[in-house]
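Below you'll find the structure, written out as structure tokens, and then a few comments.
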Amino acid sequence: MAVNRQTPHESERRFKLLGLIRDEDFALHFPLRYEDWTRITPLKEAKDGQSVQCDLQILSVQAPQPGRQTCRLTAADAQGTPLQLSFFKVFPSQLAQWQPGRHIRVQGEIKLGILGLEMAHPSLRLIRRFGEALEKQLTAVYPTTAGLTQWVLRRAVQQALERLQWPEPASAARLQHVLGSKQALVGMMQALIFIHQPPASAALALIEERSDPHCLRVICDELLAQQLGLQRARRRRATRAAPTMLAMTERLDEALSHLPFALTEAQSRVLREINADLQRPIPMHRLLQGDVGSGKTVIALLAALQAIACGYQVALLAPTEILAEQHAAKCLPLLQKLGLRSARLSGGLKASAKRQLREAIAAQELDLVIGTHALLEASIHFANLGLAIVDEQHRFGVNQRLSLRHKREDGLEPHLLMMSATPIPRTLAMSYLADLDVSVIDELPPGRSPIRTRLLKASKRMELMQMIRQEVEALHQVYWVCPLIEESEVLDLRHAEESFEQLTQALVGIKVGLVHGRLTADEKQSVMQAFQSGEVKVLVATTVIEVGVDVPQASLMVIEHAERFGLAQLHQLRGRVGRGRAQSQCLLLYGESLGPAAKARLKAIYQHQDGFAIAQEDLRIRGPGEFLGLRQSGLSLLRFADLERDAGILPAMRELATALLDERGCDDPTITALIACWQGGIEDRLKV
């Protein structure tokens, strides 16, 4: 719906910077806060620290002096009570208007100073006289950009609301019924007008907390639109065709006989779920979740064997070269025992080697291809891709993850299995992953002992040397993780090379290795192989070892400047130890001054071993966008609703979305319009 405004071209350009193009965009550009210009407070009644609005007459003006930008006004209200006003920056045009005798209306926080009542940098309006007519509504203050005034924004929002007709596939009465609410809900347009232009009598605290009934109506609308969009995507996927893969029991039993361990009950359950999906003629779109070390990779490999046994190719996409190499090290020996053909494709291959691999993939001379982003290149053509596996799915943008689905040219769509070692809380999965089937490996392999986690001030880092030496003498190995590889004036962190030098000097006779992101793929591989073979006893590394590295003899993890890491990263890094029989430890070195978020992260990782408990805390700290890898995709996140606060509403909106799609169908114009209002073409961007 186009906006037809007579505003300057420059305003239009700045509107676009804020994403404001359609009337719906303006209607969903919610205020940051409100100013109350609806009542006057006599200065005699004002209290220290209270935000008030006063009508004043200017008595004197002290203009800014050379070298000082502060302007001071002395003014008094109708009862003669004086007030000192301070402005930290003023323009000549303002000074020209602020003349003694003029009347002004100011709004700000009252302070009781040495010389009496003061107000610093208040909002100010010129008025004609004391008691001039007041606003009848609270005044919205919007997020804006340089050069775009609040007045222009408010006017544009008001005009958009006057034109807009909001689609409502479910009436307010039906919403109230499914919520089981005793509060009557209003129509969406009435709710939007209320939020942008609250009456003077509105309870401002309820609006800011979003617990007002009008706010509840908007929250319901957004969650309903989200659920409709995701469930519609799921239903449309069910109309497309995928390769059908029969259960190959004998081949699976043969593969299991080559494993040095038995599957856990959780692994067996998840494998059955995936195998059932592969036997269906519609594309699988499943997320495999499991804590660090729960055995997701072997399940993905067994699923790949089912596809390969049925004559199809499999692609396994990993986010880093090291993780791709680790997958290859785990998978290729088993594949060779079974007589299957596989290879690893990476961006660092020579042109001739890459060309040979491309030709082999196109000719179906390879059954399984493991690779990084190089697998996504347009030049890679699979002859018969049946299954695409994406590891650490949150490390890829949505379009990157889904691009493997378009590697066939016969109209069929490969099955898609995504894996994540970052467990996703149930409410988040219900909200953002409603178009997926989710499998959870909620059981660790037997024999893994809990990892002891300790916090230690960074100033005591050199005291760890004796502990490290004892671990090495006990035939164990050690990780030492650093967050950066070069000095940063902002972060002031020790870089990996410095830590490597210090450890080498302190641990004479012990082989110390160094791996970081600036090494070539061959250099990284050489160091990692030396660590895995036991030649290197202490590995100094950046977070390139965050996932996928499996060294059973590693029993000690030291994370330097742990306060700089995200909670999910800390949990992933800790999971690199504790894979053998020895009692393992994770030591978190932290700086002297910690902010509230850093304290919360360190407290959570210290208190919890369970990945789901850590994930819930991570969601609270970071929010869902970064958590799911959605921001880099352009995927719309929740604008008004809040997943933690509104979790109780989500199940009702999910059920209502299902009912509406059953009643109206996926192509209903009102449903389509509602999804477009909130999500602005999300389904097109996801290519669902």
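Residue pairs meeting the salt bridge (charged side-chain N to carboxylate O under 4.0 Å, His left out) criterion with at least one partner in residues 133-148, sequence neighbours excluded, are Arg125-Glu135. Every pair passing side-chain hydrogen bond (donor to acceptor under 3.5 Å, both in side chains) that includes a residue from residues 661-673 is listed here, sequence neighbours excluded: Arg174-Glu663, Arg232-Thr672, Arg235-Asp662, Arg236-Asp667, Arg664-Asp668. Evaluation of the side-chain hydrogen bond (donor to acceptor under 3.5 Å, both in side chains) test over residues 137-150, restricted to residues two or more places apart or in two chains, returns Tyr142-His196.
Taken to the nearest 0.5 Å, the CG atom of Leu301 stands 12.5 Å off from the CD atom of Gln306. In this structure, Leu224 CG and Leu228 CG are separated by 4.5 Å, a value rounded to the nearest 0.5 Å. In this structure, Asp25 CG and Lys16 NZ are separated by 11.5 Å, a value rounded to the nearest 0.5 Å. Distance CG/Asp221 to CE/Met188: 4.0 Å, rounded to 0.5 Å. Here the CG-CG distance, from Leu387 to Leu416, works out to 8.0 Å after rounding to the nearest 0.5 Å. Rounded to the nearest 0.5 angstrom, Leu161 CG and Gln197 CD are separated by 6.0 Å.
Side-chain atoms of Arg358 do not come within 3.5 Å of backbone N or O of His381 as any donor-acceptor pair. For the pair Asp642 (side chain) and Arg645 (backbone), a donor-acceptor distance under 3.5 Å is present. Looking at Tyr34, its side chain never comes within 3.5 Å of a backbone N or O of Glu208 through a donor-acceptor pair. Gln313 places a side-chain N or O within donor-acceptor distance of the main-chain N or O of Ile361, the cut-off being under 3.5 Å. Between the side chain of Arg654 and the backbone N or O of Gln227 there is no donor-acceptor pair closer than 3.5 Å. Using a distance-only test at 3.5 Å, with no hydrogens or angles considered, no donor-acceptor pair links the side chain of Gln289 to the main chain of Ile441. Using modelled atom types, one side-chain atom of Arg269 and one backbone atom of Val440 make a donor-acceptor pair closer than 3.5 Å. With hydrogens and angles ignored, the 3.5 Å screen pairs a side-chain donor or acceptor of His415 with a backbone N or O of Met284.
In this structure, Phe640 and Cys215 have side chains that are in contact, with non-hydrogen atoms separated by less than 4.5 Å. A 4.5 Å side-chain heavy-atom check between Gln183 and Leu216 finds at least one atom pair inside the cut-off. A heavy-atom distance below 4.5 Å is not found between the side chains of Glu443 and Ser294. Between Asp36 and Leu204 the shortest side-chain heavy-atom distance does not fall below 4.5 Å. With contacts defined as side-chain heavy-atom distances shorter than 4.5 Å, the pair Ser420/Leu288 does not qualify. In this structure the side chain of Leu317 never reaches within 4.5 angstrom of the side chain of Ile389, judged on heavy atoms. Side chains of Ile193 and Gln190 form no contact here, defined as non-hydrogen atoms less than 4.5 Å apart. Contact annotation: the side chain of Leu316 never approaches that of Val390 to less than 4.5 Å [non-hydrogen atoms, C-beta and beyond].
Of all heavy-atom pairs between Val314 and Ala307, the closest is CG2-CB, 3.8 Å. Closest approach of Leu656 and Ala170 over heavy atoms only: CD2-CB, 4.0 Å. For Arg601 against Leu567, the heavy-atom pair with the smallest separation is O-CD1, 3.4 Å. For the residue pair Arg639 and Trp678, the shortest heavy atom distance occurs at NH2-O, 3.3 Å. Closest heavy-atom contact between Val178 and Ala652: O-CB, 3.7 Å. Here the shortest heavy-atom pairing between Asp23 and Leu164 reads CB-CD1, 4.0 Å.
For the residue pair His285 / Arg237, a side-chain donor-acceptor distance below 3.5 Å is found, with atom types taken as modelled. When only modelled atom types and interatomic distance are considered, Thr658 and Gln231 share a side-chain donor-acceptor pair under 3.5 Å. For the 3.5 Å distance criterion, the side chains of Arg286 and Ser439 qualify, holding a donor opposite an acceptor.
For the pair Glu12 and Arg14, the salt-bridge criterion is not met [side-chain N within less than 4.0 Å of a carboxylate O]. In this structure, Glu222 does not pair ionically with Arg217, as no charged nitrogen and carboxylate oxygen lie closer than 4.0 Å. In summary, Asp277 and Arg272 do not engage in a salt bridge, as defined by a charged side-chain N under 4.0 Å from a carboxylate O. Salt bridge Asp437/Arg234: present, at least one basic N to carboxylate O contact under 4.0 Å.
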Next item on the list: Check step by step if side chain to side chain contact (heavy atoms under 4.5 Å, CB included) holds for Leu302 and Leu252.
Entry: CA-CA 7 Å; Leu302 294 173; Leu252 180 60; 3.8 Å; yes

Item checked: Stepwise side chain to side chain contact (heavy atoms under 4.5 Å, CB included) test for Leu153 and Leu20 -> CA-CA 10 Å; Leu153 255 177; Leu20 304 179; 3.8 Å; yes

Margin query: Checking Ile21 against Phe15 for the side chain to side chain contact (heavy atoms under 4.5 Å, CB included) test, could you report, in this order, the C-alpha distance in whole Å, the side-chain angles of both residues, the deciding distance, and whether it holds?
Written below: CA-CA 7 Å; Ile21 300 171; Phe15 286 146; over 6 Å; no

Next item on the list: Show the numbers, then the answer: is there a side chain to side chain contact (heavy atoms under 4.5 Å, CB included) between Met418 and Asp391?
Entry: CA-CA 6 Å; Met418 297 177 286; Asp391 195 13; over 6 Å; no

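The number of heavy atoms from other shown groups lying within 6.0 Å of CD (Glu265) does not exceed 12. Around CZ of Arg280, the count of heavy atoms belonging to other residues, nucleotides or ligands within 6.0 Å does not exceed 12.
Between His214 and Phe194, the ring planes are parallel. Angles under 30° get that label, and only those over 60° would be called perpendicular.
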